[in-house]
2 protein chains.
Amino acid sequence: MPFIYEYPHPAVATDIAVFTLRRGALNVLLIERGAAPYLGAWALPGGFLQPDEELDQCARRELLEETGVDADLLMQFATFSAPDRDPRERVISVAYLALLASDELRLEASTDAAQARWFPIGDLPELAFDHDTILRRAFEVLGSRARQISPLFALLPARFTLSQLQGAYEAVTGEDAEKRNFRKTVATLGCVRETDDFAHGAHRPARLYEPVV
Amino acid sequence: MPFIYEYPHPAVATDIAVFTLRRGALNVLLIERGAAPYLGAWALPGGFLQPDEELDQCARRELLEETGVDADLLMQFATFSAPDRDPRERVISVAYLALLASDELRLEASTDAAQARWFPIGDLPELAFDHDTILRRAFEVLGSRARQISPLFALLPARFTLSQLQGAYEAVTGEDAEKRNFRKTVATLGCVRETDDFAHGAHRPARLYEPVV
DNA sequence: CTGACTTAGTGTGTGATTAACACTTAGCAG
DNA sequence: CTGCTAAGTGTTAATCACACACTAAGTCAG
C-alpha cells in the first residue's frame, strides 16, 4: 500500500490579500465572516480548493464569490501550515496577493460573507485565524515588488497621470519620492507611453499615460 | 454542515531542490525512485506532510530520510497544484530550496529512494512528475537571491577564500564577475570578516574569510 | 475679465556608484 | 633559483542617483 494513504489529508485553501488605493491610501479588502468559526470577525477572502481546480483558479473564484471582485492577476506568495491555524480541522492555506484599481470595484458580499469592506492598512480590525500574519507577509512582498513600478499599474485606471503613479508608489512603499527623479526613472524604464489626452481637475491639466504593452 | 467537508481533500507534500557546488559547478540532489509511480526515474527528494507537522519540518525530515542530508535552512518558494501532477491521486506540492556546502554531504539513500545522487545542472536526467518545472523555478529564484551574496555562504565551508565566494557567485548566477569589483562589493557590503588564516594550495596562499554574524 | 492659486512640468550640477582596465606578490614545483 | 600560477591591489572614466528652483497652464473667486 503506498505511503500516500497512510495519513489523513489536510484541507487546502487559498486566502487573498487584495489591495487598492482609496483617496491616496492603501486599503485591504476584508470580509466579515458569516459562519463559524470566527463568526462576525473580519478575515481575508478565501476558501477551499475544489477537485480539478488549480490554486490560481481557486483564489480568483473565491474572491469573486465572496466579494464580487474579479482580479485577473493574482500572485501566489506563501503557504501557511500551522497545524492549529483552523480550529475545525487542519487547513493548509496558500496565500495570494492582488492589486486592483478602485474604479473596478463594486463589492457584493455573498452568503459566506456577511459583508465585504475596504480597510486602510493603518486602521485594521482584529482578524480571524492567522490572517494578521498572512497580511503582514503580503504587505512586505508588495513593498519589495513595487520598486519595479510596473506592478503599480494594476492599482490605477487604464490611463493615469504621472502624479497618480507617484502617489501609488508612495502609498505602497511608504516612502516619499522626489518628483523630477521619479519621472526620470519612469522615463528611463520605458514602462509608460504618453497619450494625447489630459486629465482635467481643479488646476493645470495633467497628461495621461498608459502602460507599455 | 460546513463547506469544509464537501469535497475530498488532496494530499499535501513537499519537494526539495538542494543545490551544492562540486568542482566549481552547481549541482542538484536527485533521488532514484524506489516505488511506483515513476519507479526508477529520477526525482526531487520530498514526501507527504504528516499530521501536526509544519511544512518546513516536513521538508527537512523528508530530505534527511531520503538522502541522509540535513539542511537547516530551507526556503519555501512556490506551491504547485496541477490536478493531474501525480497519477495516484491529487497532490499539492509545496516546493523548497536549500543550499549546502559539499563537505557536509554524505548521501544515504533510504527505502523510498533506491539511490541519491548529485547532478550538474547542465546535465540533468528526465525527471518524474512535474519536477522539471519545479526545478526550473527553483533555479530562477536562486539566481535572483544570489546577488545579495550572503545566501552563498551556505554553499561554502565555514571559512572560505574570496575566490571561492566569487566562484559560487558565478556558478549560481551564470555570469562572470570582475575580480577587483567583486571584492570591492563584498567589502562594501561588509558581509565577511577576514581571519588570520590562509588556505594553502598549489600557489600563493589565499586569506580565509568568514561570514559576519 | 483678471489676478491669485495650485498642480503640472522641466534641466542642471554634484556626489556616489559602477565598470573597465594591468601589474605586483607570494608560495610551490621542478 | 627560476618559472609558473593564483592572490591581491588602485585608478580612471562613465554612469547613475540625488538635491535643488523655476516656469506653465488651467481653475476659480472676485
Side-chain angles (χ1 to χ4, degrees), chain A residues 21 23-25 143-144 146-150 152-153 156-212, chain B residues 21-25 143-144 146-150 152-153 156-171 173-212:
Chain A
L21 289 174
R23 279 170 278 108
S144 67
R147 275 148 228 285
Q148 286 136 43
I149 307 279
S150 42
L152 297 172
F153 297 152
L156 299 172
R159 310 211 290 173
F160 47 83
T161 69
L162 294 182
S163 295
Q164 285 178 296
L165 184 59
Q166 182 174 345
Y169 180 89
E170 292 172 340
V172 170
T173 63
E175 298 164 19
D176 280 2
E178 207 277 328
K179 182 162 61 161
R180 276 166 296 192
N181 294 334
F182 181 80
R183 283 163 190 244
K184 210 178 303 178
T185 304
V186 169
T188 306
L189 288 176
C191 57
V192 299
R193 175 177 28 233
E194 71 177 31
T195 70
D196 294 332
D197 298 325
F198 291 82
H200 294 267
H203 300 288
R204 174 174 173 175
R207 184 178 290 276
L208 289 168
Y209 289 78
E210 60 190 13
V212 164
Chain B
L21 289 175
R22 283 157 47 94
R23 279 170 279 108
S144 67
R147 275 147 227 284
Q148 287 135 44
I149 307 276
S150 40
L152 297 173
F153 298 152
L156 298 172
R159 310 209 294 172
F160 47 83
T161 68
L162 293 183
S163 295
Q164 285 179 295
L165 184 57
Q166 181 174 345
Y169 180 88
E170 292 172 340
T173 63
E175 297 164 22
D176 281 3
E178 205 279 329
K179 182 162 61 162
R180 278 166 292 192
N181 293 334
F182 181 81
R183 283 161 190 245
K184 210 176 304 175
T185 304
V186 169
T188 307
L189 288 175
C191 56
V192 299
R193 177 180 24 235
E194 71 176 33
T195 70
D196 294 331
D197 297 327
F198 291 80
H200 294 266
H203 301 288
R204 173 174 175 177
R207 185 179 288 276
L208 290 168
Y209 289 78
E210 60 191 11
V212 164

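Chain letters run A, B, ... following the sequence lines, proteins first, then strands; residues in each count from 1. Only heavy atoms go into these numbers, but all of them, side chains included; no hydrogens, no water, no symmetry mates.
Proximity of a side-chain donor or acceptor of Glu210(B) to a complementary backbone N or O of Ala158(B) within less than 3.5 Å is not detected. Judged purely by atom type and a 3.5 angstrom limit, Glu170(B) has no side-chain atom pairing as donor or acceptor with the backbone of Gly167(B).
dT25(C) atom P lies 9 Å from atom CZ of Arg204(B), rounded to whole Å. Atom NZ of Lys179(B) and atom P of dT24(C) are 14 Å apart (whole Å). For Gln164(A) and dG9(C), the CD to P distance is 11 Å, given to the nearest whole Å. Spacing between atom CZ of Arg180(B) and atom P of dT24(C) amounts to 13 Å, rounded to whole angstrom units. What separates CG of Asp176(B) from C1' of dC21(C) is a distance of 16 Å, to the nearest Å. Rounded to an integer number of Å, the gap from Asp197(A) CG to dA8(C) P is 17 Å. One interatomic measurement links the two molecules: NE2 of His200(B) to P of dC28(C), which rounds to 7 Å at whole-angstrom precision. Spacing between atom NZ of Lys184(A) and atom P of dT12(C) amounts to 10 Å, rounded to whole angstrom units.
Looking only at side-chain heavy atoms (C-beta outward), Thr161(A) and Gln164(A) come within less than 4.5 Å of each other. Contact of the Tyr169(B) side chain with the Leu165(B) side chain is not registered, since no non-hydrogen atoms from C-beta on lie closer than 4.5 Å.
In terms of heavy atoms, Arg193(A) sits closest to Pro211(A) at NH2-O, 3.7 Å. What you find for Gln166(A) and Ala177(A) is that their closest heavy atoms are NE2-O, 2.9 Å.
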Checklist line | Verdict with supporting geometry, Ile149(A) and Phe182(A), side chain to side chain contact (heavy atoms under 4.5 Å, CB included) | finding: CA-CA 10 Å; Ile149(A) 307 279; Phe182(A) 181 80; 3.7 Å; yes
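Contact annotation for Thr161(B): no contact, since no heavy-atom pair falls under 4.0 Å across all strands. Residue contacts shown for Thr185(B) are absent, as no nucleic acid heavy atom lies under 4.0 Å away.
Counting 5' to 3', DNA chain D first comes under 4.0 angstrom of a heavy atom of chain A and last does so at the ends given by dC18(D) to dT27(D).
Inter-axis angle, ends of the helix from dC1(C)-dG30(D) to dG30(C)-dC1(D), five pairs per end, rounded to 10 degrees: 10°.
Taking the charged nitrogens against the carboxylate oxygens, Glu178(B) and Lys184(B) have no contact shorter than 4.0 Å, which rules out a salt bridge.
Each of Tyr209(A), Phe198(A), Phe153(A) was compared with Phe160(A) under the ring pair (Phe, Tyr, Trp, His ring centres under 6.0 Å) criterion, and only Phe153(A) meets it.
Comparing Pro205(A) and Glu178(A) along DNA chain D, the residue whose closest nucleotide (by nearest heavy atom) sits nearer the 5' end is Glu178(A).
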